[in-house]
Amino acid sequence: MTTEKAAPQTETKEFQAEVKKMLDIVIHSLYTEKEIFLRELISNSADALEKFRHQSVMEQEVFDSNLPLEITIEFDEKASTLTISDSGIGMDRGELEANLGTIAHSGSKTFFSKLSEADRKEVNLIGQFGVGFYAAFMVAKKVSVRSRSYRLDDMGHEWVSDGNGTFTIAACPGLNRGTSIVLELADEAKEYASEQTIRRIIKQYSNFVPFPIKLKGEAVNTVQAIWALGKSEIKEEAYTEFYKFIANAYDEPLTRLHFSADAPLAIKSLLFIPKENFESLGFGRMEPGVSLYCQRVLIEQHSKTILPEWLRFLRGVIDSEDLPLNISRQALQDSALVAKINKVVTKRVLKFLGELAKSEPEKYTEFWKNFGMFLKEGVISDFAYREEAAKLLRFESSKTAGGVFTSLAEYVARMPEGQKEIFYINGPNREAIENGPYIEAFKKRNLEVIYTLEPIDDFAMSHLSLFDEKKLVSADRGDLDLPETPISTEADKEKEESEAMPAPDSVALTTWMKEVLGHQVKEVIASKRLTGSPAMVVNSDGFVTSSMERIMRASGQMGQGLQQFGGKNLEINTSHPLIKGLAALKDKEAEVAGNIVEQIFDNAMIQAGLMVEPRNMVARSYRILERLVGKQGKMEA
Ligand code: ADP
């Protein structure tokens, strides 16, 4: 007649003591992220489907072999019920009792063992270890589980409980293979019987579950978890489509990194670099865009801890099956495992960028222009990756054409024998630097200087401080130690000889200039470096460059006193006609000469990119001009 065994009557059973305790906590806790119950139940369904798939390959005959493998969500807003069904492996009577009446599985076991240790900080623990199936009781006042095993001899049963100590099991004929979980929602959880809410929760947490999750006959999860596939299985368009989905983007990504690792951790990851950097376009600080998954189920969206902050421009997915599925945000922050994943992936990203620079230099340049600022931020803020990130830095230099970049390694490779340091100078653009005073001494010695054109650059250089064991030195330092000038050419000699006026007595001149400038400078020095410009301002403190000083002042991190960081020196070029003329003028017309000194200093400050109080300067320059015009007038009269 029938292969089904005779069914015992409805039986009422007690939960195992540990389950009782746990249910008590689940039901009475104030755990806020109640919506994860749906993620838990869907994950259980997906597991059951996976197990069925496995069994159906191994066994000759299974019950309901033609049912499609899927998960169905139904709801009844009026009755406040929510039903999650699957055509998975199902449970027979014994399994219902053992699986849902005792704590047998690892997640809840850990939960339970931690429970006694942790002075019952229940709220956190729910998130930390998850409660799997029991999460249903966070939102339901009554839960019915109807299940029929894939085995031919099962007849189907219903398990029912209100979570208060006991459950019943009774025969339930007429079921298809699989499990249906009916939740009678508690009054305060009625919102979960609404299409919109259900759709949102599925999309958020369970979008990549590898079986269709159907709501009103349609699958809600339509995008495949392609990161879990082999690269050869994925078409280019599928990558692009996935990127658009995960990054909420309309265009294609600049490039991607798809990799998996087995040791030390099992990681599958698919990361994208977008084309545009909206942060640099002024849209405000970018939020991190990489989400953390465990076997295709979301653990944390746009995680702040899974990668360093300076990699916040990446979009994509990191999936590790080593993560406990139910880890909470709180626990993620102090999880050693997350720190390990972070390290593995960060290293991989840096390696990838290094390879990109070699294999596709043009693409790397495009990346650098848009996202270089983040690597600089990494160099400044993240000691652990400073050296690796430094290899990825790119700059213009005196040996590159405009808009062309060099790496620090390439700079080092070009260094002539005898050069021990790497030099850089900040300026608003190439032209300003090349027409300014700082570059002169380097040009003369044929030494390459890196141009740091962004305000953040000097901070990166000063935090890095060494590259390939060579010191990074700003060219506006006062104590620069440059190699001797190479023997001057015939042309140079001729030029020197033709400059008939003798060099002034520099001690008298500098002493007098220091008197005029007062506390504005620490010292006035006859320069060994300047050739074309009359003067320049240098920092006697070796650490803070003028560019850094400008930013610190603007952000209020530095008082008005120049002395704070060791102060400035004014270097003058004693062979420049202006300085020579000044030396002569100071004894004849001290007041005008004084005005000119002030003006030279202000000009040098402007060339250093440091602001000068414009009112005084303008008034003074008018006085100087007036005198010039007056003199001309007299001469003509
Ligand atoms: P976990 O999933 O972590 O093992 P749960 O408390 O969520 O813990 O579930 C306990 C057990 O109940 C599962 O291990 C599984 O054997 C069984 N189970 C739960 N849901 C289903 C389902 N939809 N289909 C088949 N078995 C299930």
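When a ligand or atom number is given, it counts from 1 through the structure's own listing order. Note that the structure is predicted; figures quoted are calculated from it, not measured.
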Atom indices of ligand 1, in the order listed, that fall short of 4.0 Å to a heavy atom of Gly132: 7 (O)
Polar proximity ligand 1 side, Phe133 side, N/O cut 3.5 Å exclusive: yes
N/O separation below 3.5 Å, Asn44 to ligand 1: yes
Pair Ser149-Asp154, side-chain donor/acceptor within less than 3.5 Å: no
Numbering as shown, the atoms of ligand 1 that approach Leu100 to under 4.0 Å (heavy-atom distance): 12 (O)
Ala48 neighbourhood, listing ligand 1 atoms whose heavy-atom distance to it stays under 4.0 Å: 22 (C), 24 (N), 25 (C)
Structural part of Ile181 in contact with ligand 1, heavy atom criterion under 4.0 angstrom: neither
Residues which pass ring-ring contact (aromatic ring centres under 6.0 Å, His included) with Tyr293, listed by chain and number, not counting sequence neighbours: Phe208, Trp227
Side chain, backbone, both or neither: the part of Met91 lying under 4.0 Å from ligand 1 by heavy atom: side chain
Pair Tyr239 and Phe242, ring centroids less than 6.0 Å apart: no
Phe352-Phe259 aromatic ring centre distance below 6.0 Å: no
Residue pair Leu350 / Trp310: nearest heavy atoms and the distance that separates them: CD2-CH2, 3.9 Å
Main-chain N/O of Gly88 paired with Arg177 side-chain donor or acceptor, under 3.5 Å: yes
Backbone or side-chain N or O of Asn99 under 3.5 Å from ligand 1 N or O: yes
